[in-house]
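Down below is the structure, laid out as structure tokens.
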Amino acid sequence: MISAACFRTPVSTLAAVSISGVLLMITGLVACDLQSRNVVRPRFASGDEPLVRIRLERNEGRVEVTSDGPVQVWPGALASPDIEAPVLRSPVLVTSDAGGIRVIGSAGAARRFSQGEIVRIGATGHELAVGEARIGATALLVPRSDDRPDRLDLVAELPMEAYIAGVAAAELVPGWAPEAYRAQAVAARSYAVHQVARARSMGRSYDLDSTTRDQAFKGLTDDERVVDATNDTRGIVLASGGRVLRAYYSSTCGGRPASASDVWTTGRGLEFNNAAPLQARVRDCPCEDSPLYRWTRERPADGLAARITEWGRRQGHPVRRLQGLARIEVDNRNTADRPSRFRAVDKRGSRFVLSAEELRVACNTSVGTRPRVTRETRIPSGDFEVAIAGGTARFTGRGFGHGVGLCQFGAQGLAMRGQTWIEILGRYYPGADIERHW
């Protein structure tokens with residue numbers, strides 16, 4: 001079990017390593033540039049670790065919550081149980097319908113809440129769990145405010161560092177090198193801090209999803225290697241231009257990174273995707289141990305055209321007018337020679353331009369009665385070439401994921417070469433600052 005206390009020991013000295021021949025020492029509440037020694041003022045005082053809200057179950061009508069102790073439920077606006085909160089025996093069944101939320105203990109005790117009311121569920125001094133995932137002492141039951149008011153989201157409330165350890169455990173292969181876990185913890189914490197600020201400015205009822213919509217999280221962990229890596233980097237984030245960096249990462253870059261400004265929009269409110277450390281540069285990345293370092297896929301060309309057209313219809317993209325598929329061509333490459341844009345050419349000769357990430361998603365879109373895309377048939381990244389002949393589209397590609405920022409298999413490769421977490425982060429986020437925020 002992870003208690004909050006195991007993440008609250010002050011860290012006076014985190015690392016002493018050499019980057020480009022310069023000795024960097026991170027101590028107390030200081031920050032340093034990954035390429036120089038610029039000292040910046042931290043934003044938060046020591047110990048000011050935030051709570052984060054993680055959406056674990058989405059759009060559900062029924063959720064079972066278990067605990068190793070008694071469970072109570074009460075109105076979510078209250079910090080602690082009200083005097084009417086019944087003590088329920090685990091497991092607890094939560095159901096949602098048009099009338100509101102009902103919570104029933106295994107011994108039959110129950111409580112109902114009106115439609116639209118947010119409910120808090122807790123196990124003081126104990127832990128809650130959903131399936132195999134341990135989710136801490138309290139969670140929120142949040143009615144959906146969209147077109148399904150009979151459904152709910154289950155949102156765990158966790159100390160940031162406990163959450164980051166859970167992310168590192170879910171995102172990396174068990175038993176990887178400590179320095180890879182440390183680098184992952186800093187990247188995940190940076191992404192989380194950035195996303196928490198966005199979510200709260202938008203008034204959302206949760207901060208992060210527990211899936212790859214944001215960061216994978218399968219519950220709290222007591223893996224000592226992961227917990228130690230999280231403790232060793234406690235409160236440390238990456239920043240650029242005085243702002244916390246949205247430190248994207250993916251499994252395998254295949255040796256060619258992508259730019260955030262090519263993968264995602266940079267319009268109003270999304271300018272953070274223009275941050276210099278998130279743009280592609282030529283780099284050495286030892287990610288060849290990944291099973292998807294290089295890959296091939298074959299798809300029926302007519303089925304591929306149907307998926308791309310369906311994606312275009314859902315997104316309102318001009319490619320919805322695609323009529324058959326004659327060829328897919330690279331339209332542009334970034335400075336690392338990775339495709340950033342493609343042209344889909346139909347049988348009339350009409351051309352439709354999509355970003356590499358748009359095309360990857362479009363190729364994997366479900367449609368009608370077509371066979372489901374499986375792990376074996378999924379297009380893993382947007383770095384590929386396509387040859388269409390005899391009604392078959394053959395993809396030859398590299399990497400897994402969007403390719404922006406940290407390459408997880410590459411981080412492990414660098415760690416095995418003896419590089420430190422600061423050196424690893426300097427490779428994947430060049431020019432970023434390191435800041436301690438609590």
Side-chain angles (χ1 to χ4, degrees), residues 43-44 48-60 63 75-79 96 101 115-121 135-136 138-164 166-167 171 187-217 235 237-250 260-275 277-278 314-317 355 357-358 361 402 404-405 435 437-438:
R43 295 167 184 250
F44 304 118
D48 193 10
E49 175 186 355
L51 284 176
V52 291
R53 303 167 303 170
I54 312 303
R55 184 165 70 174
L56 298 165
E57 300 289 339
R58 178 174 179 265
N59 202 24
E60 297 292 334
V63 176
L78 301 176
S96 179
I101 292 173
Q115 183 181 25
E117 187 172 11
I118 295 176
V119 178
R120 193 179 299 268
I121 183 169
I135 64 171
T138 62
L140 297 173
L141 306 172
V142 183
R144 300 284 294 187
S145 57
D146 52 18
D147 59 348
R148 293 302 303 270
D150 58 330
R151 299 298 180 94
L152 61 82
D153 294 338
L154 187 144
V155 179
E157 297 179 303
L158 295 170
M160 174 67 83
E161 298 297 346
Y163 164 67
I164 295 303
V167 170
E171 286 281 355
R189 188 181 297 109
S190 304
Y191 182 96
V193 169
H194 187 280
Q195 180 57 23
V196 166
R198 286 194 74 218
R200 297 189 182 182
S201 70
M202 297 163 63
R204 290 197 335 196
S205 59
Y206 68 96
D207 299 318
L208 297 117
D209 259 310
S210 62
T211 70
T212 52
R213 290 171 183 267
D214 284 309
Q215 305 185 116
F217 176 78
V237 298
L238 297 167
S240 178
R243 298 177 181 274
V244 176
L245 190 69
R246 192 174 179 86
Y248 298 109
Y249 53 88
S250 61
S261 59
D262 289 332
V263 175
W264 298 288
T265 184
T266 59
R268 184 175 180 181
L270 299 168
E271 295 88 353
F272 51 78
N273 286 321
N274 284 319
L278 299 178
R314 295 178 189 179
Q315 300 297 319
H317 190 282
S355 74
E357 188 66 9
E358 287 175 334
V361 174
H402 51 66
V404 178
E435 296 182 0
H437 277 205
W438 55 82

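- Checked options Leu208, Val167, Thr211; the residue passing with Phe217 is Val167 (criterion: side chain to side chain contact (heavy atoms under 4.5 Å, CB included)).
- Side-chain contact check for Arg120 versus Glu157: some heavy-atom pair is nearer than 4.5 Å.
- Counting only distance, with no hydrogens or angles, the side chain of Ser190 and the backbone of Leu238 share a donor-acceptor pair below 3.5 Å.
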Problem set entry | salt bridge (charged side-chain N to carboxylate O under 4.0 Å, His left out) evaluation trace for Arg55 with Asp209 | CA-CA 5 Å; Arg55 184 165 70 174; Asp209 259 310; 2.9 Å; yes
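- Listed here is the closest heavy atom pair of Leu278 and Ala247: CD2-CA, 4.5 Å.
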For this session: Begin from the C-alpha positions of His437 and Arg189 and carry the test side chain to side chain contact (heavy atoms under 4.5 Å, CB included) through to its verdict.
Result: CA-CA 10 Å; His437 277 205; Arg189 188 181 297 109; over 6 Å; no
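- Side-chain contact between Arg198 and Arg204 is absent, with no heavy atoms from C-beta onward closer than 4.5 Å.
- Arg213 and Tyr191 make their closest contact through O-OH, 4.0 Å (heavy atoms, listed as atom of the first residue, atom of the second, distance).
- When side chains are defined from C-beta on, Pro159 counts as touching Leu51, because their heavy atoms get closer than 4.5 Å.
- Nearest heavy-atom pair across Ala187 and Tyr249 is CB-CD2, 4.1 Å.
- Between Glu117 and Pro75 there is a side-chain heavy-atom pair separated by less than 4.5 Å.
- In terms of heavy atoms, Ser210 sits closest to Leu56 at OG-CA, 3.6 Å.
- Interatomic distance, Glu49 CD to Tyr163 OH, rounded to the nearest 0.5 Å: 13.5 Å.
- By the 4.5 Å heavy-atom criterion applied to side chains, Val63 and Leu141 are not counted as neighbours.
- Considering every non-hydrogen atom in both Ala260 and Tyr248, the closest pair reads CB-CE1, 4.1 Å.
- To the nearest 0.5 Å, atoms OG1 (Thr265) and CD (Glu271) are separated by 9.0 Å.
- Gln215 is not listed as a side-chain neighbour of Gln195, based on a closest heavy-atom distance of 4.5 Å or more.
- Counting heavy atoms from C-beta outward, Pro50 and Val196 have side chains that stay 4.5 Å or more apart.
- Remark: Asp207 CG to Leu158 CG distance equals 10.5 Å, nearest 0.5 Å.
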For this session: Verify side chain to side chain contact (heavy atoms under 4.5 Å, CB included) between Ile135 and Leu154, making sure each step is shown before the conclusion.
Result: CA-CA 10 Å; Ile135 64 171; Leu154 187 144; 3.9 Å; yes
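- Separating the CG atom in Leu152 from the CG atom in Leu140 is a distance of 11.5 Å, to the nearest 0.5 Å.
- For the 3.5 Å distance criterion, the side chains of Trp264 and Glu357 fail to qualify, holding no donor opposite an acceptor.
- Looking at Arg243 and His194, their side chains never come closer than 4.5 Å, going by heavy atoms from C-beta outward.
- Looking at every heavy atom in both residues, Ser205 comes nearest to Val155 through O-CG1, 4.1 Å.
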